[in-house]
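Both counts, for ligands and for their atoms, begin at 1 and track the order of listing. What's counted below: heavy atoms across the whole structure, side chains too, no hydrogens, waters or symmetry copies.
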Amino acid sequence: MMEFVTELRSLEPVPTGDLIIDPLPNVLLHRSTWGEATAAEFQVQLRQPNRLAIDRLESQLTALAPQGGSLSIQQRSIRFSLVIPTYEEAENIEPLVRSLVAVLDRLLPNDYEIIVVDDNSIDHTWKIAQALTVEFPQLRVLCRHYEQGLATAVIRGWQVAKGEILGVIDGDGQHDEQILPEMIAQIMAGADLVAASRNDPGGGISEWSIWRRFTSRGAQIFGLAILPEVVGKVSDPLSGYFVLKRQAIAQKNLNPLGYKILIEVLAKGRFARVKTVPYEFRERQSGETKVTWYHAIDYLAHLLRLRLDRFPLQRFWRFGIVGLSGVLVDMAVLYALSDPSTLAWGLTRSKIIAAEVAIFNNFWWNDRWTFSDLSKRQTGFRRRLERFLKFNLICLMGLILNVLILNLLFNVVFAGQHRYLANLIAIGLVTFWNFWLNTKLNWRVTDRDRAELT
Ligand code: GDD
Ligand code: MN
């Protein structure tokens with residue numbers, strides 16, 4: 001599949017299927033020389049670049065090289081690909097492209113591209129962008145007909161991108177393009193992701209209504225409550241303006257909902273170093289925001305989906321099964337100690353022993369099965385004893401919580417009815433509590449473990 005550099009770039013084919021970004025930029029530069037002068041140069045586009053395909057291409061092209069000519073194939077990626085998602089931005093797209101070109105021509109001459117991904121805007125934003133490709137060959141335009149939504153538009157753009165560094169900026173001029181050099185410089189200095197932040201010192205929002213500021217802050221706090229380990233990574237997790245290293249999200253199955261592409265990327269990617277650069281979020285020059293209350297629903301659903309994605313379901317099942325075995329052990333010991341037909345000991349004394357034996361049983365199986373991968377990294381008897389004592393404490397707190405919830409449900413919510421339903425709900429909630437606390441405080445790999453293991 002060969003393509004010569006043309007004047008007016010045609011609309012690019014829109015990728016389909018999973019929202020997965022290739023690790024390797026998929027462009028090779030073929031150069032053949034006779035003597036000094038370069039005689040020909042053209043680009044070859046490979047859908048799935050791998051060594052085999054490149055070798056096959058190399059042999060095909062060697063056959064093309066005239067006798068005595070030399071052939072060199074350089075895997076050529078470009079430094080930076082910036083995606084602009086657009087919907088109804090006819091007035092804004094040209095001034096934005098011009099100011100971006102002015103910034104990037106200075107920073108990365110011939111080493112960047114701008115990719116407009118338009119969702120078939122009624123105002124023909126895509127056509128205006130396409131017309132600009134005559135003047136700016138580094139500009140590429142995709143027009144989607146069968147998909148809608150800001151976040152997926154960005155990923156489709158990244159899928160066709162050739163850059164080692166990927167970026168996204170809004171198409172309405174509200175994001176300040178002058179901070180791009182600083183953001184890219186931080187990537188070059190080793191950061192994996194750099195987000196433009198309105199919440200850093202020196203950052204801000206020009207003229208948002210009190211209501212929009214409140215909802216935006218509220219959304220951020222809500223996100224911190226549900227997904228602290230992701231949303232807490234940056235000071236402006238709702239920012240739609242950021243750059244990142246391609247390899248940090250390559251081959252990750254991205255699956256965003258609605259607007260919040262940064263949260264999806266932070267949740268699915270591998271980012272050792274995340275940085276922010278402050279900026280002032282500007283007023284739109286023309287057109288309207290496309291944000292509706294519907295996007296708030298999308299945001300909540302997106303957060304919950306990421307939370308569930310990260311919820312260790314398989315481990316929770318094991319924890320539940322071990323918990324059930326504990327109930328059986330508890331019952332058996334209670335019977336063996338307190339039943340009139342056996343030792344007929346007092347109920348409370350028997351119950352305490354039964355509960356402790358059940359806790360020991362649960363600890364045993366959780367340490368060797370549910371959390372075996374983690375307990376293996378916390379070696380030695382002393383560490384195991386520590387875990388057992390913590391497990392005991394957590395179960396004890398769980399027991400108290402169980403009694404509290406049971407009484408609240410039975411006496412208040414169900415008004416003295418449904419004692420067994422109340423007990424079941426209490427057991428379910430406390431199982432979650434025990435699991436969550438044990439995952440957070442007990443079976444987790446700390447820096448101390450890592451240090452001891454190395
Ligand atoms: N392709 C495509 N499809 N683009 C879209 C769509 C869509 O369905 N919806 C919006 N866009 C484009 C707009 O044309 C604009 O270029 C950009 O996405 C942002 O949309 P706005 O509607 O202007 O969003 P906003 O200004 O209210 O909010 C922006 O800034 C916030 C603060 O950074 C967004 O980027 C938010 O995600 C961000 O939180
Ligand atoms: Mn906007």
query: What's the shortest distance from atom 22 (O) of ligand 1 to any protein heavy atom, and which residue and atom give it?
result: K290 N, 2.6 Å
field: Closest protein heavy atom (residue, atom, distance) for atom 35 (O) of ligand 1
entry: D170 OD2, 2.8 Å
- request: Distance to 0.1 Å, residue and atom name: give those for the protein heavy atom nearest to atom 8 (O) of ligand 1.
  value: G149 N, 3.0 Å
Note: K290-D119 ion pair, threshold 4.0 Å (strictly below): no
query: Polar-atom distance check: S239 versus ligand 1, any N or O pair below 3.5 Å?
result: no
message: Can you confirm whether more than 12 heavy atoms, excluding those of W436, are under 6.0 Å from its CH2 atom?
response: no
message: ring pair (Phe, Tyr, Trp, His ring centres under 6.0 Å), that's the test. Do F410 and H418 meet it? Break it down for me.
response: CA-CA 7 Å; F410 178 67; H418 314 305; 9.1 Å; no
field: ligand 1 versus H175: contacting region, heavy-atom distance under 4.0 Å
entry: side chain
query: Going through the checks in order, is the side chain to side chain contact (heavy atoms under 4.5 Å, CB included) test met by E89 and R284?
result: CA-CA 10 Å; E89 303 293 354; R284 254 179 181 275; 2.7 Å; yes
- request: Describe, in one word, how the ring planes of F391 and F363 are oriented to each other, choosing from parallel (under 30°), tilted (30 to 60°) and perpendicular (over 60°).
  value: tilted
field: Metal site the Mn ion (ligand 2), protein N/O/S atoms found under 2.8 Å
entry: 2
query: Has R284 got any heavy atom lying under 4.0 angstrom from an atom of ligand 1?
result: yes
message: Quick check: F281 and ligand 1, any N/O pair under 3.5 Å apart?
response: no
- line: Judged by heavy atoms only, the candidate from V168, I205, L150, D236 nearest atom 7 (C) of ligand 1 is L150
- prompt: Which is closest to atom 23 (O) of ligand 1 by heavy-atom distance: V117, N92, D172?
  reply: D172
query: Do other residues, nucleotides or ligands put more than 12 heavy atoms under 6.0 Å from E288 CD?
result: no
- line: among protein heavy atoms, the one nearest atom 12 (C) of ligand 1 is P85 O, 3.3 Å
Heavy atoms from other residues, nucleotides or ligands near CD of Q314 exceed 12 (cutoff 6.0 Å): no
query: Counting both backbone and side chain atoms, is some N or O of A153 under 3.5 Å from an N or O of ligand 1?
result: no
- line: Nearest non-hydrogen protein atom to atom 28 (O) of ligand 1, with distance, is R212 NH2, 3.8 Å
field: Side-chain heavy-atom pair N366, W443 within 4.5 angstrom cut-off
entry: yes
query: Looking at atom 38 (C) of ligand 1, what's its closest protein heavy atom, distance included?
result: L238 O, 3.1 Å
statement: ligand 1 to D119, heavy atom cutoff 4.0 Å, flagged ligand atoms 1 (N), 2 (C), 3 (N), 7 (C), 8 (O)
statement: Closest to atom 15 (C) of ligand 1 by heavy-atom distance, out of Q174, R156, R198, E89, is E89
query: Should K260 be listed as contacting ligand 1, given a heavy-atom distance under 4.0 Å as the test?
result: yes
query: Heavy-atom contact under 4.0 Å between Y259 and ligand 1?
result: yes
message: Can you tell me if R79 has over 12 outside heavy atoms packed within less than 6.0 Å of its CZ?
response: no
Option with minimal heavy-atom separation from atom 33 (O) of ligand 1, where the choices are C143, G171, G240, A196: G240
- prompt: Looking just at side-chain N and O atoms, do S197 and N199 make a donor-acceptor pair shorter than 3.5 Å?
  reply: no
field: Electrostatic pair R98-E177, nearest N-O below 4.0 angstrom
entry: no
field: Per-atom contacts, ligand 1 versus Q148 - under 4.0 Å to a heavy atom
entry: 8 (O)
- prompt: Going by the angle between their ring planes, with limits at 30° and 60°, are F316 and F319 parallel, tilted or perpendicular?
  reply: parallel
query: Which heavy atom of the protein is the closest neighbour of atom 25 (P) of ligand 1, given with residue, atom name and distance?
result: T289 OG1, 3.6 Å
- prompt: How far is atom 5 (C) of ligand 1 from its nearest protein heavy atom, and which residue and atom is that?
  reply: Y87 CB, 3.7 Å
field: Min N/O separation D118 to ligand 1 under 3.5 Å
entry: no
message: I'd like to know whether ligand 1 has Y279 as a neighbour, heavy-atom separation below 4.0 Å.
response: yes
Residue from L406, I425, I405 passing side chain to side chain contact (heavy atoms under 4.5 Å, CB included) with V430: I405
query: Considering the options L408, N402, I400, which one meets the side chain to side chain contact (heavy atoms under 4.5 Å, CB included) requirement together with L404?
result: I400
- prompt: If we only count heavy atoms from C-beta on, is the L180 to L82 side-chain gap below 4.5 Å?
  reply: yes
- request: Could you point out which residue of K275, R217, R198, K260 forms a salt bridge (charged side-chain N to carboxylate O under 4.0 Å, His left out) with D236?
  value: R198
message: One thing to verify: whether K252 and E264 come together as a salt bridge, which I'm taking to mean a side-chain N less than 4.0 angstrom from a carboxylate O.
response: no
